[in-house]
Colleague: 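Have a look at the structure that comes next, please.
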2 protein chains.
Amino acid sequence: MTSKKPEKPRHHGNLREALIDAGIDLLQHGGLSALTLRKCAAKAGVSHAAPAHHFSGLDGLIGAIATRGFTQFSDYMLTSRAKAADSDADRLRAILNGYIEFTVDHPALFTLMFGSRIEIDPDQQLAQAAATAYQVLAETCAPFSIDPDGNPRELEILVWSLCHGYASLRLVGQVTPDGPMNDVGFSDILRRLPDIVGLSGDNPK
Amino acid sequence: MTSKKPEKPRHHGNLREALIDAGIDLLQHGGLSALTLRKCAAKAGVSHAAPAHHFSGLDGLIGAIATRGFTQFSDYMLTSRAKAADSDADRLRAILNGYIEFTVDHPALFTLMFGSRIEIDPDQQLAQAAATAYQVLAETCAPFSIDPDGNPRELEILVWSLCHGYASLRLVGQVTPDGPMNDVGFSDILRRLPDIVGLSGDNPK
DNA sequence: ACCTCAACTTGACAGTGTAAAGATAGAAGT
DNA sequence: ACTTCTATCTTTACACTGTCAAGTTGAGGT
């Protein structure tokens, strides 16, 4: 009733974010193979060549989507940790559960984030987002110490490998009803956490 | 000088295997993105449509390549285990080192084997090869037991998650010179293995 | 009002996967 | 030895995709 917007303007106004949103939506509904530059452009309402002004090709868009992914990923872990009971061990369990929940809720995005087309080094925003996610893990592992004189990063990588490995195998394994993952839940893995992070015996926390 | 073979015969004779060989070669030299059906066909010396008789499209070829990959993967672990010192713990360490060595030697093949285009369930040969590789892990974990009354699969998945996670993160992380993986070697992870598989304290093997 | 440049659109090309139709060679049957 | 059938290709075509170049348009600055 009021003045109508004329035909679609040449200037989208926020195309970069719209393309990223479109990409995440395509991943969520169609999986990794559904993500194409032309489909993102179509979803955002522009021509197939419009993204080229905002991204260095499909790999540039993938990097931007991964950056958004790492931000949401960190949020999952932080939100989970905020709800944890007040012990170091519970906080660690909480962020690992957050890790797994993210992969359950966003399997294709997670796969893209750690996929073969990702190059973290030249993309500062991606590197920053990935480092922030890692920092959540690092600071939650900090209270624990396998070896007080050792490299704290060892414990971090140990825990990260365990969790990431489980998540990755689960994503792959879910297509095999009789696969080895079928009856081992992540809580079974978490039950082992005290031994792994040096919380058994005389070092409870 | 003796009788020459005439022009290239219409029947390749062993095209299926030749296409798989070509695919593995392309992966090895050019990475995951270098693998295409047409390049495999060209390498095998046939037209682009010839593979269609042997595989259900590119995904069919990927499945066959993954099957070959799992066979080589098992060989890596078995060869490593055969050379291990004569203790259960050494044998387990050996197959995990074999696991990692395979990913170092064949990063793109490993990525394809556990990638998003793999569907184990409908492909019996792939399922068999993957199960065989898993069986190597399972039988090498068998001597250990976190909980004698518990599910032995828990320990298997724990060890597999840890190793696979480390390998996967290393493959991704290797593009980041300052990444968190930079100074944690797999031997650092293996040092923790006794705690993880219940070999610390009064249960040495 | 004019100029500059960012932000697009249009068109084209190369590479890719897949499908259909046709050709050929080898195997099997007579 | 000949015929028939089928497996194993080749050729052609189409749709989709990424990328590039040229052109157009709108916003911002002077």
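Lettering of chains follows the sequences in order, A, B, ..., and the numbering in each one begins at 1.
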Colleague: Can a donor-acceptor pair be found, under 3.5 Å and without considering hydrogens, that links the side chain of A:Ser80 to the backbone of A:Ala94?
Modeller: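 Confirmed, A:Ser80 side chain pairs with A:Ala94 backbone.
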
Colleague: Pairs in or reaching into residues 51-62 of chain A: which pass salt bridge (Lys or Arg N to Asp or Glu O under 4.0 Å), with residues at least two apart or in two chains?
Modeller: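 For residues 51-62 of chain A, and leaving out neighbouring residues, the salt bridge (Lys or Arg N to Asp or Glu O under 4.0 Å) pairs sorted by first residue read A:Asp59-A:Arg117.
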
Colleague: Write down the distance between CG (B:Leu32) and P (C:dT16), rounded to a whole number of angstrom.
Modeller: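 Computing the B:Leu32:CG to C:dT16:P distance gives 14 Å.
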
Colleague: Is a donor from one side chain sitting under 3.5 angstrom from an acceptor on the other, for A:Trp160 and A:Tyr134?
Modeller: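 The criterion, which ignores hydrogens and geometry beyond distance, is not satisfied for A:Tyr134 and A:Trp160.
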
Colleague: Any side-chain donor-acceptor pair under 3.5 Å between B:His106 and B:Gln28?
Modeller: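 The answer is yes; a qualifying pair exists.
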
Colleague: Can you pull every protein N or O that's under 3.5 Å from an N or O on nucleotides 21-24 of chain C?
Modeller:
unit_1	atom_1	unit_2	atom_2	d
C:dG22	N2	B:Arg10	NH2	3.3
C:dA23	N3	B:Arg10	NH2	3.3
C:dT24	O4'	B:Arg10	NH1	2.7

Colleague: With salt bridge (Lys or Arg N to Asp or Glu O under 4.0 Å) as the rule and sequence neighbours excluded, what pairs involving residues 25-42 of chain B come up?
Modeller: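 Residue pairs passing salt bridge (Lys or Arg N to Asp or Glu O under 4.0 Å), neighbours aside: B:Asp25-B:Lys43.
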
Colleague: Are more than 12 heavy atoms, taken from residues, nucleotides or ligands other than B:Gln135, located less than 6.0 Å from that residue's CD atom?
Modeller: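 Atom CD in B:Gln135 is packed in, count exceeds 12.
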
Colleague: Any carboxylate oxygen within less than 4.0 angstrom of a Lys/Arg side-chain nitrogen, looking at B:Arg91 and B:Glu139?
Modeller: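 Salt bridge: no.
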
Colleague: Which residues, if any, of residues 49-57 of chain B bring a heavy atom under 4.0 Å of DNA chain D?
Modeller: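 B:Ala49, B:Ala50, B:His53, B:His54 - these, ordered by number, are the residues of the stretch whose heavy atoms sit under 4.0 Å from the strand.
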
Colleague: Using residues 14-23 of chain A as the side-chain source, report each donor-acceptor pair under 3.5 Å to any protein atom, sequence neighbours left out, with the distance given to one decimal.
Modeller:
unit_1	atom_1	unit_2	atom_2	d
A:Glu17	OE1	A:Arg68	NH2	3.0
A:Asp21	OD1	A:Arg68	NH1	2.9
A:Asp21	OD1	A:Arg68	NH2	3.1

Colleague: Could you tell me how far apart A:Leu26 (CG) and D:dT17 (C1') are, to the nearest whole angstrom?
Modeller: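 That distance rounds to 14 Å.
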
Colleague: Just the table, please: protein N/O against nucleotides 13-16 of chain D N/O, every pair under 3.5 Å.
Modeller:
none

Colleague: For B:His164 and B:Tyr99, which I'm curious about, is there any donor-acceptor pair between the side chains at under 3.5 Å?
Modeller: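 Distance-only check passes for B:His164 and B:Tyr99.
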
